[in-house]
2 protein chains.
Amino acid sequence: MTNAPRPKLADVARVAGVSTGTASKALTGRGALRRDTRERVLAAAEKLGYEPNVAALGLVSGRSYTVGLITSDQLGRFSVPVMLGAEDSLATGQMAILFCDAREDPVRERHWIRTLSARNVDGILVTSLRSDPRPSLSDLVSVPVVYAYSPSERPDDISVVPDDAQGGRLAGDHLLEVGRTRLAYVGGPASYTASHLRLRGFREALAAAGLDLTTAPLFVSWEEEAGRQAARMLLRRGDEFDGVFCASDQIARGLIDELSSAGVSVPDDVAVVGFDNWDIMTLASRPPITSIDMNLTKVGDVAARLLTEAIAGEASPGEHRVECTLIVRGSTV
Amino acid sequence: MTNAPRPKLADVARVAGVSTGTASKALTGRGALRRDTRERVLAAAEKLGYEPNVAALGLVSGRSYTVGLITSDQLGRFSVPVMLGAEDSLATGQMAILFCDAREDPVRERHWIRTLSARNVDGILVTSLRSDPRPSLSDLVSVPVVYAYSPSERPDDISVVPDDAQGGRLAGDHLLEVGRTRLAYVGGPASYTASHLRLRGFREALAAAGLDLTTAPLFVSWEEEAGRQAARMLLRRGDEFDGVFCASDQIARGLIDELSSAGVSVPDDVAVVGFDNWDIMTLASRPPITSIDMNLTKVGDVAARLLTEAIAGEASPGEHRVECTLIVRGSTV
DNA sequence: GTGAAAGCGCTAACAT
DNA sequence: ATGTTAGCGCTTTCAC
């Protein structure tokens, strides 16, 4: 707990032998000043370790150099990379981030909206766990809002989402490349948009090769146990299959586990592709799982960039998609 | 993007037919006012949807009603619950949280310290992934700092940590209760304080029953694969054992997996207790894993409370420990 | 090119 | 009990 009150502009001005007005111009770079005056001020500021008081800046500019980050859903594996990506690009722009956890609760969300508006935030970033569209906040606030991961219901809002369909295509292309032709799909719950988008992309890839799924798509829950069940169902059906695309790494891990127990070799008999590229799952599985990475950090980064632009008055409405990436591991090669 | 400039105190005062000074007294509850005057002001504020401008408050009070939350380590599974716990108790106190990710990088940490001081934060919460002591920030800042999860090196700083030793005792007591007497310990890397504290507590529990480990403690890495290796080592040693305490759920899962493959039944032949209570691991394992929960949300909550107190001038220096909890599942019963 | 002064929204002394 | 006013730290006209 060091003390010594922080130096203010008046201190800098005094040390530099100028008025506060001049010091301000020198520090902000606005207005016309003699070179040596400017340098004297800069030197004084440096010497004193001067940092402008953000509250004062905010009062005069009406801005806060702060954005709100509302996580509308259980904060977890998905939101965190998005947050970090956003933080990175906002922080380099001198923006600070107010962290607001709304826990899927509209009441808490309202509370945060009020708080953020009282704090004059320059913009708001909204992120959720589910990739399904969420209600727009645009009518409630007077600053730009960008939705990351889970898009707004309103198409003219600014949203950034992973390209699930393209991820599905990657999975399909890869399985075809490693010579698989009798393919199955195990999605998450049918209530999730992502389950369908990933399937659609997967089918598009197969269609481009003149193929389709060998056996009807399965929709289960996201967990490992669901993957085990799915494996049992596929085996029981009796349809021959040599490749499976699972909509989560957890499903993939459970499925691989059960296939192995049943004497089916992965990848020799059946190649498996997962989704999420969650290393805790992909690397712990035997064999490790080939997976689709949603590049969530990039999602956050792009969202933050768009927010910064929107704050500057350059809006780019609509849904922006971030490409997925294929990570090849032992479950397919 | 609703517009309409936010009402200010002057607007409230005008509507209520009083001066701004009076309106301020009514709203803050300070000073003496006639009851109906106060109510008129309150009604006007309510009607206009008035929220005080935080920048102005900050300028006059020198406070910001904001705390910085610095995550000094890769933000992940451990930091997130701590953050959420902290958020919860700070938000109810009208405090907002500035989210600062320092990524284990001292340079970034310095950057944030400067930023936070420019923003006049009222206090700082520091959280890290590792439970080993970290360098103190006290000499760099002029506001209270509380360290959550990873304590400060300086014993007179305020730190909040999970009680690893007590967690180890819980594990020991439980294994004894379910009738196990030939016990082994598999820790994380020896470089982690937590590996030793958990072992110490475990041994204390055994000692209280006149026992000690049957076989020398193992120190491996935290992952599943390490658990598998540990299982092989224990089996190879040939020492008989009927209970194992693992310092992470990942280790426990790998160990259970390998024991099962080797024909050793869990929990019939060997009971296993994990640590972290990470459901992705504990529930996906077969059998599900009995584990020790560090109550990280509580750690964050306590840290936030202590920070609030410290800001109010009531310091409670020292290391505060939060108790762990035993969660019983199929791997021991 | 530089300084003086007003004003951002609010609170707290001080008048009345 | 209420109104008036100074001032928090800064930027920005407006004079000089």
Side-chain angles (χ1 to χ4, degrees), chain A residues 4-42 44-45 48-66 94 114-115 117-122 142, chain B residues 4-42 44-45 48-66 94 114-115 117-122 142:
Chain A
R6 284 194 322 117
K8 40 176 151 179
L9 186 62
D11 299 320
V12 175
R14 191 167 27 69
V15 169
V18 297
S19 72
T20 60
T22 304
S24 172
K25 281 170 202 141
L27 261 5
T28 57
R30 286 184 271 265
L33 247 46
R34 252 187 12 234
R35 178 191 225 109
D36 64 305
T37 313
R38 157 162 294 131
E39 278 165 3
R40 226 163 354 113
V41 173
L42 259 33
L48 297 176
Y50 170 75
E51 289 279 353
N53 178 322
V54 177
L57 286 181
L59 196 51
V60 57
S61 69
R63 296 190 43 184
S64 61
Y65 305 93
T66 302
Q94 304 282 30
R114 287 180 68 105
T115 303
S117 110
R119 285 172 182 261
N120 281 317
V121 291
D122 301 336
S142 54
Chain B
R6 284 197 319 118
K8 38 178 158 180
L9 187 62
D11 298 322
V12 175
R14 191 168 27 70
V15 170
V18 298
S19 72
T20 61
T22 303
S24 173
K25 280 172 204 139
L27 261 6
T28 57
R30 287 184 270 263
L33 249 46
R34 252 188 13 235
R35 179 192 222 109
D36 64 305
T37 315
R38 158 162 293 131
E39 278 165 3
R40 220 153 10 105
V41 173
L42 260 31
L48 296 176
Y50 170 75
E51 289 280 350
N53 178 323
V54 177
L57 285 180
L59 197 52
V60 58
S61 68
R63 296 189 43 183
S64 62
Y65 306 94
T66 302
Q94 304 284 29
R114 287 179 67 102
T115 303
S117 109
R119 285 173 182 263
N120 283 316
V121 292
D122 300 335
S142 54

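This one's a predicted model, so the numbers in the text were calculated from it and none came from an experiment. Every chain is numbered from 1 and lettered A, B, ... according to where its sequence line falls, protein lines coming before strand lines.
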Sequence-aligned protein contact record of nucleotides 6-15 of chain C, with B where the base is within under 4.0 Å of a protein heavy atom and S where only the sugar-phosphate is = --BBSBBB--

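If you take OH of A:Y65 and P of D:dG9, they are 18 Å apart, rounded to a whole angstrom. Here C:dG3 presents its C1' atom at 14 Å from CZ of A:R34, a figure rounded to the nearest Å. If you measure from atom CG of A:L33 to atom C1' of C:dG3, you get 11 Å, rounded to the nearest angstrom. Between the CG atom of A:L48 and the C1' atom of D:dG9 there is a distance of 15 Å, given to the nearest Å.
For the salt bridge (Lys or Arg N to Asp or Glu O under 4.0 Å) condition, the pairs that include at least one residue of residues 7-33 of chain A, sequence neighbours left out, are A:D11-A:R14. For the side-chain hydrogen bond (donor to acceptor under 3.5 Å, both in side chains) condition, the pairs that include at least one residue of residues 52-64 of chain A, sequence neighbours left out, are A:R63-A:D122.
Residues meeting the side-chain contact (heavy atoms from CB on, under 4.5 Å) test with A:V41, sequence neighbours left out: A:V12, A:A16, A:V18, A:A23, A:A26, A:L27. In this structure A:T28 satisfies the side chain to side chain donor-acceptor pair (under 3.5 Å) test with no other residue, sequence neighbours excluded.
Note on the helix from C:dG1-D:dC16 to C:dT16-D:dA1: terminal axis deviation equals 50°, with five pairs used at each end and the result rounded to 10°.
Interatomic distance, OG of A:S117 versus CZ of B:R6, reported as 4.5 Å (0.5 Å rounding). Between atom CD of residue B:E51 and atom CG of residue A:N120 there is a gap of 11.0 Å, rounded to the nearest 0.5 Å.
B:Q94 and A:R119 get closest at one heavy-atom pair: O-NH2, 3.8 Å. Contact between B:A56 and A:L59 at its shortest, heavy atoms only, is CB-CD1, 3.8 Å.
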